[in-house]
Enquirer: 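Okay, handing you the structure first.
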Amino acid sequence: MKRGALKARARDISVVLVVLVCATVGIWTWDSTPTAFLPPQRHFLKLDTEEKVERISTAQNTETKDSYSSATPFVNKEQSKEDHTDNKDTEEEKEKQVEEVSVSETNQGKTPPVEEKNLEQVEQEVIVSEPKHQKTPPTTSEESKLKKVKQEVSVGEAEAKTTHIEKTTQDQEKKTLATDEAKKDIKACNYAKGKWVVDKHRPLYSGSRCKQWLASMWACRLMKRKDFAFERLRWQPKDCSMEGFEGSKFLRRMQDKTLAFVGDSLGRQQFQSMMCMITGGKKRLHVLNVGREFGFRTPRGRARPGGWAYRFTQTNTTVLYHWSSTLCDIEPINISNPLTEHAMHLDRPPAFLRNYLHKINVLVMNTGHHWNRGKLNGNRWVMHVNGAPNANRKLAALGDAKNFTIHSTVSWVSSQLLNHPGLKAFYRSLSPRHFVGGEWNTGGSCDNTTPMSIGKEVLQEESSDYSAGHAVKGTGVKLLDVTALSRVRDEGHISRFSISAKRGVQDCLHWCLPGVPDTWNEILFAMI
Ligand SMILES: *[C@@H]1O[C@H](CO)[C@@H](O)[C@H](O)[C@H]1NC(C)=O
Ligand SMILES: *[C@@H]1O[C@H](CO)[C@@H](O)[C@H](O)[C@H]1NC(C)=O
Ligand SMILES: *[C@@H]1O[C@H](CO)[C@@H](O)[C@H](O)[C@H]1NC(C)=O
C-alpha cells in the first residue's frame, strides 16, 4: 500500500511539474513575441507627429487669426455707410481697376502662410521615414525613436525654410532667428538698383477715387490725360526681393507709431501717395485729423497750415507731413513787421523737428528744388549761419548752401538718434525734373508718354544725388535713394495736363499720382 501511494504521489507531482514548466514556457514565449502584441510603432510615430503638427498649426492659427482680426475691421468698414454714400464714381473702367486692385489685395491677404506648405512637407517626410523606423532593431528604446522623429521633423522644417540656422531644440527660438536673419538680408539690399517692369496689378490705388487724400492738381486721372501706361510700372530691385506693400501690414508694423514726412512739395506728394496706399484709395478706415497735436494751424493770412497729421485709430498709427521746403530753420527777423525778411538758418534744423522729433518713429526728410534765387528773393529769405547773416562766400552759392544745410540737418538728426532709440530716420534723395527745351517758366516741356523709353534699369552702386549720399555717410540716417530710378520715368510727370497750369506751362517736376512716389513709399516700407 505504502508503495502504491508513493507512486501515485510522484505521478501527481510530476504532472504538476510538467504543467508548471509548460505554463512557464508558454508565458515566456508569449512575453517574448514583440510584434504581435506591442502597439505598432506606427501608432507612436503618428501620435508624436500629430502632436507636433498640432503644435505648429496652433502657432499658425494664432498668426492667421492675428492677421485676420486686424484685417476684419477693414472689411467691416468697407461695408459701412460712409463708403456707400461716397461711391458715385461713374467711370466704369476705373471702377474695374479698383476692383482688380482690391481683389489682388484680398488674395494676398488670404494666401496661406508659407509655413503651411512647409508643414505639408514635414508631414510627408515623416510618413516616408516611417518604414525605416520600423526596421530599426528592437533594442532601440521608444524614447530614442521619438527623439529621432522629432529631429527629422525639425530638419524638415529647417530645410523647408531654407535658412541656415543651426538646429536648436526650441522651435520658438528658431523662428525668431529666422525672421531676424531674413530682415537683415532685406536691409542689406540696395533697393536703388533694379529695373522697372510692367505689372498688371498696378496701380496700388485709383487716382480718381482717392479724393480724400490726393490733391486734384496731382490726380492725372482727373485731367484730360489719356495714357495711363505709367501707372502700371513696378520697381523690381536687382539683387533682392522687395516685400510687397499692403496697407494692413503697414499699419500693423506702425502700431502706436508716427511716420513723418518733412520737406517740400515732393515730400507732400510722397505723403499723399502714402495715405492713398494705406487706404487703397478707399474711405474704409477710421481716420482722425490730429494736426493740432503737432502744432498745425493755419496762421492768420495764410492759405495753408504748416502741415497735416492723420491718425488711423484702428492701430493708433499717425502719418504726417510738415512743410519745410529748405529743411532748415526759418524765422522772421522782425516779428511785428508783416513784410519782414526771414532769417534762413542754414545750420539749424527746422523748428518742427526740434519740437516734435520725440513723437516721431519714422522720419523721411527731403529738400531740393526750392534752392533758387527766385524762391529766396520772393520769400525774403536771408541766409544766416551761426545766428548772423552769412558772410562766408563759399556758402553764398545756392548749391553750396543747400549742400551745407543737408549736411547740417542730417548730422543733427543723426546726433539725436541716441536720445530717440526708436527713431528711424531717412533722407530722401532728389526727385529729378524733366524739363526739355526750357524751364518751367520758359516753355520747358516733357511730352513723352511712353514708359521706359529713356531706360528702365539702374545698375550703379552710388546715388545719383551726390550731396545726399555724402551727407548720410557715416551717420545713422539712411538714404532713401530714389534719384536714378525716378530719372528714367520722364513720362510720369503731370506734363501739360495740369489742371491749374496756364497754357504752355508744363509741370515736369511733380509726378502724376498714382505714380513714381508710390515706389518711393514701397522702398521705404521695405526699409522700416
Ligand atoms: C498711441 O500711441 C502713442 C505713442 O505713439 C501712445 O503714447 C498712446 O498711448 C497710444 N494710444 C493708445 C490709445 O493706445
Ligand atoms: C519792427 O517792425 C515794426 C513795424 O514795422 C517797426 O515799428 C519796428 O521798428 C521794427 N523793429 C526793428 C527792431 O526793426
Ligand atoms: C557738402 O558739404 C560737406 C559738409 O559741409 C562737404 O564736406 C562737402 O565737400 C560738400 N560737397 C560739395 C559738393 O560741396
Side-chain angles (χ1 to χ4, degrees), residues 69-70 73 250-260 278 285-295 300-301 309-320 322 326-328 331-349 355-363 365-368 371 380 382-415 419-425 427 429-430 462-475 477 479 483 528:
S69 65
S70 57
F250 173 86
L251 289 179
R252 250 177 289 144
R253 191 171 301 173
M254 291 294 290
Q255 171 107 36
D256 299 319
K257 289 182 176 161
T258 296
L259 162 64
I278 295 168
L285 297 169
H286 190 247
V287 181
L288 282 178
N289 182 344
V290 293
R292 283 168 153 258
E293 288 181 24
F294 295 89
R300 217 174 280 167
Y310 298 101
R311 180 164 301 145
F312 295 85
T313 53
Q314 183 196 329
T315 54
N316 190 23
T317 301
T318 307
V319 181
L320 71 85
H322 170 66
T326 54
L327 218 53
C328 65
E331 57 175 14
I333 290 169
N334 181 347
I335 209 159
S336 49
N337 178 3
L339 296 175
T340 184
E341 288 187 324
H342 289 75
M344 184 182 185
H345 296 286
L346 303 184
D347 51 352
R348 281 189 208 162
N355 295 336
Y356 294 102
L357 197 66
H358 64 284
K359 296 180 83 171
I360 297 171
N361 303 94
V362 177
L363 171 66
M365 304 175 277
N366 92 284
T367 185
W371 292 86
R380 305 170 68 82
V382 180
M383 290 188 207
H384 280 55
V385 178
N386 256 329
N390 175 41
N392 184 346
R393 279 233 197 123
K394 276 189 185 153
L395 289 182
L398 281 167
D400 294 327
K402 175 169 89 172
N403 174 59
F404 178 71
T405 293
I406 294 172
H407 278 75
S408 312
T409 299
V410 163
S411 72
W412 179 80
V413 170
S414 182
S415 74
N419 309 335
H420 305 86
L423 176 64
K424 287 177 185 167
Y427 182 82
S429 70
L430 192 74
E462 295 292 314
S463 175
S464 290
D465 184 345
Y466 179 80
S467 186
H470 191 268
V472 299
K473 226 161 243 162
T475 73
V477 177
L479 187 67
T483 307
I528 58 176

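Ligands are counted one by one from 1 in listed order, and the atoms in each one are counted from 1 as well.
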Enquirer: Would you say the side-chain atoms of S429 and T483 include a donor-acceptor pair closer than 3.5 Å?
Expert: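 There is such a pair (donor and acceptor under 3.5 Å, judged by atom type) between the side chains of S429 and T483.
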Enquirer: Run the side-chain contact (heavy atoms from CB on, under 4.5 Å) test on L395 and V385 for me, step by step, so that the C-alpha distance in whole Å, both residues' side-chain angles and the decisive distance to 0.1 Å come before the verdict.
Expert: CA-CA 9 Å; L395 289 182; V385 178; 3.9 Å; yes
Enquirer: If you measure only the distance, is there a donor-acceptor pair under 3.5 Å linking the side chains of N334 and S336?
Expert: yes
Enquirer: With a 4.0 Å cut-off, strictly under, does atom 9 (O) of ligand 2 pick up any protein heavy atom?
Expert: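 Neighbour list for atom 9 (O) of ligand 2 is empty of protein heavy atoms (cut-off 4.0 Å).
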Enquirer: Considering only the protein, which heavy-atom contact is closest to atom 3 (C) of ligand 2, and what is its distance?
Expert: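 Going atom by atom, the protein heavy atom closest to atom 3 (C) of ligand 2 ends up being N334 ND2, 3.5 Å.
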Enquirer: Kindly confirm or rule out an N or O of N361 lying under 3.5 angstrom from an N or O of ligand 1.
Expert: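 No, since none of the N or O atoms of N361 sits under 3.5 Å from an N or O of ligand 1.
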Enquirer: To which protein heavy atom is atom 13 (C) of ligand 3 closest, and what is the distance rounded to 0.1 Å?
Expert: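 Atom 13 (C) of ligand 3 sits closest to the protein heavy atom Y466 CE2, 4.2 Å.
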Enquirer: Measuring from atom OG1 of T318 to atom NZ of K359, what distance do you get when rounded to the nearest 0.5 angstrom?
Expert: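 Spacing of OG1 (T318) from NZ (K359) equals 8.0 Å.
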Enquirer: Is the H384 ring parallel, tilted or perpendicular to the H345 ring (thresholds 30°, 60°)?
Expert: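 Perpendicular: the ring planes of H384 and H345 meet at over 60°.
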Enquirer: What do you reckon, does N403 have a nitrogen or oxygen under 3.5 Å from a nitrogen or oxygen of ligand 3?
Expert: yes
Enquirer: Which residue is it: K257, H420, K424? I am looking for the one with a side chain to side chain contact (heavy atoms under 4.5 Å, CB included) to N361.
Expert: K257
Enquirer: Purely on distance, is any nitrogen or oxygen of N316 under 3.5 Å from one on ligand 1?
Expert: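 So ligand 1 has an N or O lying under 3.5 Å from an N or O of N316.
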Enquirer: For atom 4 (C) of ligand 1, what is the nearest protein heavy atom, given as residue, atom name and distance?
Expert: D256 O, 3.4 Å
Enquirer: I need the atoms of ligand 3 closer than 4.0 Å to a non-hydrogen atom of H470, numbered in the order shown.
Expert: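 Selected atoms, number and element: 7 (O), 8 (C).
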Enquirer: Of all the non-hydrogen atoms in the protein, which one sits nearest to atom 5 (O) of ligand 3, and at what distance?
Expert: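 Heavy-atom neighbour on the protein nearest atom 5 (O) of ligand 3: F404 CD1, 4.2 Å.
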Enquirer: So do V477 and W412 actually touch side chain to side chain, heavy atoms under 4.5 Å?
Expert: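 The answer is no, as the side chains (C-beta and beyond) never meet within the 4.5 Å cut-off.
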